[in-house]
Each structure stands twice: as structure tokens, then as C-alpha cells.
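Below: the structure, in C-alpha cells.
The sequence lines fix the lettering, A, B, ..., with proteins before strands; numbering per chain opens at 1.
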Protein chains: 2
Amino acid sequence: MNQAMEKDKIDKKDHILDVAEKVFAELGYEGASTRLISGEANVNMAMLNYYFGSKEGVFLAIFERRIASFQSVLLSIGNDDSINAWEKLDKYIDSYVDRVVNNNCFHVMLNREISKSKKTDLTDQITKIIMRNVTVFQNIIANGIKSGEFSKDVDQQLLVATIFGTKNYIVNTPHISSLIIGYDVMDKDNQDEKLKPRLKTYLKKLLKAYLVNENDNNK
Amino acid sequence: MNQAMEKDKIDKKDHILDVAEKVFAELGYEGASTRLISGEANVNMAMLNYYFGSKEGVFLAIFERRIASFQSVLLSIGNDDSINAWEKLDKYIDSYVDRVVNNNCFHVMLNREISKSKKTDLTDQITKIIMRNVTVFQNIIANGIKSGEFSKDVDQQLLVATIFGTKNYIVNTPHISSLIIGYDVMDKDNQDEKLKPRLKTYLKKLLKAYLVNENDNNK
DNA sequence: ATAAATTAATCAATCGTTTGATTAATTTTG
DNA sequence: CAAAATTAATCAAACGATTGATTAATTTAT
């Protein structure tokens with residue numbers, strides 16, 4: 001197989017993943033049949049198993065593709081020792097908000113699957129992937145506390161829930177959040193011009209207010 | 001059929017809905033088979049169709065049942081003029097955390113449903129009910145700002161996303177949040193003894209830090 | 001006795017996956 | 001270089017299992 005063939009094959013696999021991601025997001029994992037996915041992608045049903053081993057393999061391949069692209073960015077922020085904890089936090093929020101809002105359909109699909117309380121191979125795999133991002137954020141906070149930049153009197157763990165939860169609430173409940181915020185949060189222009197900068201500013205200010213190392217103002 | 005029978009029948013239907021709610025939360029709508037639900041509830045499979053007509057009928061019955069009790073609870077707090085904005089906020093958080101954690105299975109179901117981009121009668125209904133709770137919270141914040149108790153320089157609308165989003169993140173992603181927090185957040189004892197008080201304390205402190213009307217400490 | 005409740009058995013449909021065959025491309029061999 | 005052997009890609013068909021739903025028979029309650 002020459003290089004041109006290799007490229008075609010990758011393009012075809014990528015095309016299947018594009019279609020599958022959309023179908024999964026619309027119908028959920030169990031709701032999306034392999035027949036529908038292969039039909040939408042105009043490929044033979046057996047190709048899904050041939051390329052990805054199984055339906056679950058297709059699902060996980062979607063994750064690997066999306067996660068891999070941004071994983072290194074977040075890690076580099078966490079490992080950059082040339083900037084202080086506050087700057088790391090800002091950078092993390094900027095990158096994270098951009099990525100999540102840009103790939104909001106994917107994140108809806110992700111959260112729908114991980115919201116299943118029953119443990120499966122699939123939820124285990126997703127958990128592992130998500131936890132990598134969580135750990136980066138946790139380390140930024142922990143190091144900031146250790147260095148004295150952040151207050152010691154914070155709940156690091158629930159703070160994770162706030163950052164990821166605030167973001168999730170906006171993208172996962174578009175009908176609600178659009179009503180609250182006052183414009184359609186699914187609209188691309190609104191996202192770029194209004195939502196993203198506003199969400200960044202807000203999260204930074206919220207974190208700053210909570211993390212600031214003030215001299216214990218009682219009550 | 002006398003009254004005793006009628007009660008038995010209602011109890012049985014209620015029991016089925018209890019079990020179904022849990023299974024739907026665990027596996028999602030498509031992931032939960034009627035055989036599993038009826039098996040867990042120790043009733044014949046045909047009883048689901050006999051009582052509720054179809055699988056979807058079971059699903060809708062769960063919502064109708066919970067939604068009925070969903071209504072009036074929080075409204076009283078918002079309308080209580082005998083306490084100040086800070087106290088209202090505390091009360092709201094207390095009752096809200098209790099209610100959501102106690103009914104975590106239903107809330108997982110609810111959020112999974114509302115995360116669908118396609119509008120349906122069900123999502124419209126859920127949206128309306130959720131917005132009623134949101135409005136109570138927003139009014140507390142708005143009145144606190146107007147009275148000067150809270151800072152004017154806050155993003156009221158995104159603050160809503162933080163409160164509801166933080167809570168959602170804990171209950172909707174149990175695998176993740178259990179890993180982050182360090183114990184099983186689905187365990188009833190953990191919920192009552194650890195999670196609920198901790199979440200209340202955290203949310204209050206977070207809100208206080210963000211809302212406090214300080215004299216603009218630059219940077 | 002009659003209506004309601006419950007059951008086991010069964011239904012067609014659909015699920016994800018596997019199979020064996022075929023085509024196309026690449027490598028190996030003579 | 002050309003024939004043979006090997007590999008990769010693709011396909012239609014079928015697999016066994018499971019799905020939600022229904023039937024008809026039986027039990028229970030009034």
C-alpha cells in the first residue's frame with residue numbers, strides 16, 4: 001500500500017467518525033445503530049467492525065480523536081514553570097472554554113454517556129480520559145496553594161465541579177441557558193462574540209474571588 | 001375494586017416507577033430494557049404495558065409523578081421578606097442541595113432529557129419547570145444587589161449556571177465526582193453525612209466570596 | 001360469576017457481529 | 001518484466017441474541 005492509499009484510508013475512517021459523532025450526539029450510544037451510522041456514512045456495515053473492531057470501538061475512536069488534539073495543550077500549561085499559578089489558571093480557562101464551546105456537540109454526547117451510573121467498559125474508558133484533564137486543573141490549584149498564591153482554605157475538589165459544571169450547564173442545557181442568558185447559545189456567532197469572552201471573564205473573576213489569599217476577614 | 005385494592009395497585013405502580021427511575025438513570029432510556037426493569041421490580045414484563053401502555057409510557061409516568069411534587073417548594077423562600085438576602089441565599093442552597101441529592105436518580109434522568117437539542121413536549125415542560133426554580137434564585141440575587149447587600153459588579157446569569165452546574169456535575173457524573181471527591185457520591189450514607197453538608201458549605205462560601213460588596217480592592 | 005390482575009409463551013423486528021466471497025492493490029518470485 | 005502469491009478493502013448475507021410488545025391462559029378478588 002502506497003502513501004496515497006494510506007491517506008485515503010485515513011480520510012475514510014475520519015469520515016466515518018465524523019458521521020458517527022453526529023449520530024451518537026443526536027441519538028445517544030444505544031440509540032444509534034450501526035446500520036444507521038454506516039448508512040449515513042455510505043459505507044458497508046462491516047467496515048465499522050473492520051476498522052474499529054466494534055461499535056464501542058467507533059465510539060472510543062471519536063473520543064481519542066477529539067481528546068488527543070487538546071490534551072497536549074492543557075498539559076503544557078500545567079507543566080509550564082515560567083508562569084505563576086494565576087496565569088496558569090487564566091490560560092487553562094481560556095483554552096478550556098474555547099475548546100468546549102467549539103466542540104459543544106461532542107461534549108453533550110460525552111456527558112450523556114458518563115452520566116450513566118452503571119459502570120461499563122465504556123464509562124471506565126471515558127472516565128480515564130476526562131480525569132486526565134481534571135488532574136491538570138487540580139494540579140494548578142494544588143500548586144498555587146502550596147506556593148501561597150491561593151488561599152489554603154479552599155475546597156479544591158468541589159472547585160473542580162464548579163469549573164466543569166458551570167461550563168457543562170451552559171453547553172448541556174442549551175434551552176435553559178439560552179433563556180437565562182438571553183440569546184441562543186448554540187448560535188456560532190453568539191458563541192464567538194458574546195458567550196466565550198463572557199464565560200472566560202466570569203470564571204476568572206469567580207475563581208479569583210474564591211481563591212484570593214486574603215487575611216481571613218471574619219464573617 | 002375497593003379502596004384497599006386501589007391503594008395496592010397504586011403502590012405497585014409506584015414501586016415500578018421507583019425501580020424504573022433508578023434503571024433509567026443507570027443505563028439511559030435505550031440502555032434500559034423492559035425485561036431488566038420488570039425483573040428488578042419483580043413483576044411480570046407484561047405488567048409494564050398493562051399499567052403504562054409502553055416503555056415510553058413508563059418513562060413519562062416517572063416525570064409526571066416527580067414534576068407534581070417539584071413545584072411550590074422553593075417559592076416560599078423567595079417571597080419571605082422577614083429575612084435578608086444573605087439568609088435567603090443560605091436557605092435556598094440548603095433546600096436545593098437536599099432536594100437534588102435526595103432525588104439524584106430523577107435529576108440524572110431529567111438532565112439527560114433536557115440535554116437533547118431537539119425540542120419536544122417533554123423538554124418544553126421540563127424547561128418551564130426548571131425556569132421557575134431559576135427565577136426564584138435570580139430574584140434573590142437581584143434583590144440583594146438592589147438593596148446593596150451584594151456587589152453590583154456580578155454576572156447574575158452565569159452565577160445561575162455555576163450554582164446549578166456545580167450541583168449537576170456532582171450528581172450527573174457520579175464516576176468522575178466520586179474519583180475527585182474521594183468517596184462514592186451515590187452512597188446514601190455518604191450523601192447525608194458528607195456530601196450534602198460539604199456541598200452546602202462550599203456553595204455558600206463560593207457565593208459569598210463572589211457576591212460580597214467590598215470596596216473595590218484593585219487587582 | 002364476573003371483572004381485574006397476573007402469568008408464561010410467543011411475536012416480528014432489530015440489534016451488533018461474523019462469515020465467506022470478491023475485488024483491488026501490493027509484494028514476491030522466477 | 002511478467003506471472004504468482006499475498007495482503008487489504010469491501011460486500012451481501014446471515015448469524016444468534018435481544019428488543020418492545022402482544023397473546024391467550026390462568027389466578028385472584030369482588
Set of residues satisfying side chain to side chain donor-acceptor pair (under 3.5 Å) with respect to A/Arg35, sequence neighbours excluded: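 Applying side chain to side chain donor-acceptor pair (under 3.5 Å) to A/Arg35 gives none.
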For A/Tyr202, all residues meeting side chain to side chain donor-acceptor pair (under 3.5 Å), sequence neighbours excluded: B/Thr162
For residues 39-47 of chain B, dump all side-chain donor-acceptor pairs below 3.5 Å to protein atoms at least two apart in sequence or in another chain.
| residue | atom | partner | partner atom | Å |
| --- | --- | --- | --- | --- |
| B/Asn44 | OD1 | B/Ala46 | N | 2.9 |

For residues 134-146 of chain A, tabulate all N or O donor-acceptor pairs below 3.5 Å that involve a side-chain atom, not counting sequence neighbours.
| residue | atom | partner | partner atom | Å |
| --- | --- | --- | --- | --- |
| A/Thr135 | OG1 | A/Met131 | O | 2.7 |
| A/Asn139 | ND2 | A/Thr135 | O | 3.4 |
| A/Asn143 | ND2 | A/Asn139 | O | 3.1 |

With B/Thr120 via side chain to side chain contact (heavy atoms under 4.5 Å, CB included) - residues at least two apart: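 Once residues adjacent in sequence are excluded, the partners of B/Thr120 under the side chain to side chain contact (heavy atoms under 4.5 Å, CB included) criterion are B/Leu122, B/Thr123.
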N or O in side chain of B/Tyr51 less than 4.0 angstrom from C/dT6 OP1/OP2: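 Yes, within the criterion.
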Contact under 4.0 Å: A/Lys12 side-chain N or O vs D/dT10 OP1/OP2: yes
DNA chain D contacts among residues 30-38 of chain B, heavy-atom distance under 4.0 Å: B/Ala32, B/Ser33, B/Thr34, B/Arg35
Contact list for DNA chain D against residues 39-46 of chain B - heavy-atom distance below 4.0 Å: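 Output list: B/Met45, B/Ala46.
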Worked check of side chain to side chain donor-acceptor pair (under 3.5 Å) between B/Tyr96 and B/Lys167: CA-CA 9 Å; B/Tyr96 190 71; B/Lys167 172 272 298 178; 3.3 Å; yes
Between D/dA12 (P) and A/Leu48 (CG): distance, integer Å: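 Rounding to the nearest Å, CG of A/Leu48 and P of D/dA12 are 14 Å apart.
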Partner set under salt bridge (Lys or Arg N to Asp or Glu O under 4.0 Å) for B/Lys200, not counting sequence neighbours: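 Per chain and number, B/Lys200 pairs via salt bridge (Lys or Arg N to Asp or Glu O under 4.0 Å) with B/Asp98.
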Identify all side-chain donor-acceptor contacts of residues 19-34 of chain B below 3.5 Å with residues at least two apart in sequence or on another chain.
| residue | atom | partner | partner atom | Å |
| --- | --- | --- | --- | --- |
| B/Glu21 | OE1 | B/Arg66 | NE | 2.9 |
| B/Glu21 | OE2 | B/Arg66 | NE | 3.4 |
| B/Glu21 | OE2 | B/Arg66 | NH2 | 2.7 |
| B/Tyr29 | OH | B/Glu56 | N | 3.2 |
| B/Ser33 | OG | B/Leu36 | N | 3.1 |

